[in-house]
Amino acid sequence: GIDDRSVRLGCVQPGESAATFGDALRRLSGRARYIHQEGNRYWVSARANLNRTAEDRANSLLNEPEELHAEIVKRLRADKHRGDFAAMHPCPLTSSEVADEPEARLVIIGPTFTHRKGQEDSGALKFAKEMLESRGSGPRLNRNMLVFLAPDTKGLEDLMAATAQFLAWKSIVEDEETLDLTAAQRNQAAARRDSANETVNLRIGTAWSHILAPHQKEPTADISWEELRSTSNDALANRTSAKLKLDELLMPVMGGSRLRMEMDRKNLWAGKDHVRFDQLAEYFARYLYLPRVVSREVLRAAVANGAEQLVIKDTFAIATDFDEDTGRYRGLKQGGAIGVVIDNTTLLVRPEAAEAQAPSVRPPPEGGDVIGGDAPSGPDAPGGSPAPDGPQKPNLFVASVSLDASRLGRDAGRIAEEVLQHLSTLPGADVEVTLEMQVRVRDGVEDDVVRTVTENCNTLKFKSHGFERE
């Protein structure tokens, strides 16, 4: 054979670019049946080259795509990442393969159904609607737990072509003895197979890009479908859950204030002053007009968070039971319920109803000091002790200061350096610092800001927080 430099030297005319002929040579060697290549040398032979053999096998596979579908499905099912979903169902053939449980599930629609943005009658959307409505021969109950990921029509075509190339080169490697390949040809076939394999993996991520999430604006509204586009190099489930969380279509975490807001908006109290936890969890799993939570544990944590708040005006009280005869709640707790166990029978109680039964007046701490009055004191008082001799050193420091909200970090740093540092380093010092905030907004705070601030406060473990109307 001759090397590529000789080919370019024999073709290039004065004033022409040599790169043009280099590219033409590469294209010709990839398509022509009888041009062979090894390294940078080319020759013509009566024997067909491997590129043409692979092309013929790939075209044969594209004409009968069942084997291509099987290879793609195998790769999708090998991906065990779940993201924030409780479970993932890659390429189910029937609705009975997807469990009807109260936990969020991602259904990856197989390569036989595709979708295009805005296409209302796509095969993938029809499949998703059927899956949403039923499980096997019966109706599906927990419809708010399903999200679908569908392949793009054009993206799947590119993926099928890449998969055909991979399987073609893979078969050539497997048939190396039958084809009587030289060492150079075996190396070429293995390299092309590995390259095609990487291309297939990349194009799977590109193809499965349409997120289809069912939703209802109101209880009586028709079901609509949120169409989101998700493209990244992350695993399918990971990037899908990340996109859904960003758009609040999947919630792995919820605060007590957000739960109360949803209960009020959608009238989940159903005209009563309380609702059982298991009934509330059933609402969130079944009804598409409610936020989609990952599992019942998310709601359990939200109820516990609401019960922990010292001020329950924006959340709720909890109780163990309700006595229909007396109209009173048993085990009623109004805020500050740390470490409480939330089970299926726990009642979430409206703050007004809880206040009517037991006004939230906190008694003084047991064994605390008596403030004011004529209580006896001194060494002769009950429980007293002889006064120690000599002057006493102060052992408690209390202070409060107003900070500039625009320079909060600077002012807090100065206080820590110039005040706290001198006290916290003393032997036996027990330091407690509390930050109090009060913000008044003349025109009121929008709902999205209320939700964001509340969720951030919960994440930062605020002991108490809330919005009020003066």
**Request:** Show the numbers, then the answer: is there a side-chain contact (heavy atoms from CB on, under 4.5 Å) between M131 and R140?
**Result:** CA-CA 8 Å; M131 185 79 66; R140 184 175 295 277; 4.0 Å; yes

**Prompt:** Would you call E248 and R258 a salt bridge, taking side-chain N to carboxylate O under 4.0 Å as the test?
**Reply:** yes

**NZ/NE/NH1/NH2 to OD/OE distance under 4.0 Å, D79 and R75** =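 Judged by the 4.0 Å cut-off on N to carboxylate O distance, D79 and R75 do not form a salt bridge.
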
Would a distance-only check, ignoring hydrogens and angles, find a side-chain to backbone donor-acceptor pair under 3.5 Å from [X] to [Y]?
{"X": "S95", "Y": "G136", "result": "yes"}
{"X": "S224", "Y": "H215", "result": "yes"}
{"X": "R82", "Y": "M88", "result": "no"}
{"X": "R300", "Y": "I342", "result": "yes"}
{"X": "S195", "Y": "A191", "result": "no"}

Listed partners of [X] passing salt bridge (Lys or Arg N to Asp or Glu O under 4.0 Å), at least two apart:
{"X": "K313", "answer": "none"}
{"X": "D273", "answer": "R350"}
{"X": "D234", "answer": "none"}
{"X": "D3", "answer": "R5"}

**Request:** Please determine which of R292, K243, K245, R239 meets the salt bridge (Lys or Arg N to Asp or Glu O under 4.0 Å) test together with D84.
**Result:**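 Output: one option passes, namely K245.
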
**Request:** List the steps and the verdict of side-chain contact (heavy atoms from CB on, under 4.5 Å) for Y283 and L299.
**Result:** CA-CA 11 Å; Y283 291 157; L299 291 176; over 6 Å; no

Name all residues meeting the ring pair (Phe, Tyr, Trp, His ring centres under 6.0 Å) criterion together with [X]; count only those two or more places apart in sequence or in a different chain, and write none if there are none.
{"X": "Y42", "answer": "none"}
{"X": "F127", "answer": "F113"}
{"X": "W43", "answer": "H36"}
{"X": "H274", "answer": "F322, Y329"}

Could you note down all residue pairs passing ring pair (Phe, Tyr, Trp, His ring centres under 6.0 Å) where [range] supplies at least one of them, sequence neighbours left out?
{"range": "residues 232-253", "value": "none"}
{"range": "residues 53-99", "value": "none"}
{"range": "residues 143-195", "value": "F148-W225"}

**Residue pairs fulfilling salt bridge (Lys or Arg N to Asp or Glu O under 4.0 Å) with at least one residue in residues 168-182, sequence neighbours excluded** =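 For residues 168-182: R57-D175.
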
**Message:** Looking at R116, I want to see if its CZ is surrounded by more than 12 non-hydrogen atoms of other residues, nucleotides or ligands under 6.0 Å.
**Reply:** no

